[in-house]
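Below is one structure, written out as structure tokens; comments come after it.
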Amino acid sequence: MDTGLRLYIYSNKDLVSYLKMHSYLYKQLIRNPESIKKIEDNMKKENHTTVEDKLNKVSSSIKLAETILDTLK
């Protein structure tokens with residue numbers, strides 16, 4: 001595996017733990033280092049850390065706050 005790719009992987013602790021859980025992906029990275037972006041996207045979807053997930057979380061927090069304020073009135 002390319003040294004730059006290894007440094008990139010080990011600079012992201014979430015990616016390291018994802019690759020430990022899905023160790024078969026190392027073979028894919030050795031054969032095709034460009035697949036790191038696809039693997040990262042899959043990791044973000046699985047861990048619910050995409051931009052869409054973050055916006056949904058903020059939206060639900062705002063709705064909860066509105067509900068609490070309406071209850072207090």
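What you see is a predicted model, and the numbers here were worked out from it, not measured in a lab. Positions are given from 1, in the same order as the sequence printed here.
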Quick check on the hydrophobic clustering: are Leu5 and Tyr24 connected, directly or via other members, by side-chain heavy-atom contacts under 4.5 Å? yes

Could you check whether Lys63 pairs with Glu66 (Lys NZ or Arg NE/NH1/NH2 to Asp/Glu carboxylate O, under 4.0 Å)? no

Value rounded to 0.5 Å, distance of CG in Leu19 from CG in Asp14: 11.0 Å

Just by distance, do the side chain of Ser23 and the backbone of Lys20 share a donor-acceptor pair under 3.5 Å? no

Out of curiosity, His22 NE2 to Met43 CE, how far, rounded to the nearest 0.5 Å? 10.5 Å

Rounding to 0.5 Å, atoms CG (Asn42) and CG (Asn47) come to a distance of 10.5 Å

In this structure, are over 12 heavy atoms from other groups packed under 6.0 Å from Tyr10 atom OH? no

Check whether Leu55 and Leu64 end up in the same hydrophobic cluster, where Ile, Leu, Val, Met, Phe, Trp and Tyr are linked by side-chain heavy atoms less than 4.5 Å apart. no

Are any side-chain N or O atoms of Thr50 and backbone N or O atoms of Asp53, one a donor and one an acceptor, separated by less than 3.5 Å? yes

To the nearest 0.5 Å, how far apart are CG in Asp41 and CD in Glu46? 13.0 Å

Supply the atom-to-atom distance Ile39 CD1 to Tyr26 OH, rounded to the nearest 0.5 angstrom. 10.0 Å

Does the side chain of Ile62 come within less than 4.5 Å of Ser59's, by heavy atoms? no

Report yes if some heavy atom in the side chain of Lys44 is under 4.5 Å from a heavy atom in the side chain of Tyr18; otherwise report no. no

How long is the gap from CD1 on Ile9 to OG on Ser11, to the nearest 0.5 Å? 9.0 Å

Determine whether Asn32 and Ser35 satisfy the following criterion, side-chain contact (heavy atoms from CB on, under 4.5 Å), listing intermediate values before the conclusion. CA-CA 6 Å; Asn32 184 13; Ser35 65; 4.1 Å; yes

Any donor-acceptor pair under 3.5 Å linking the side-chain atoms of Asp70 with those of Thr67? no

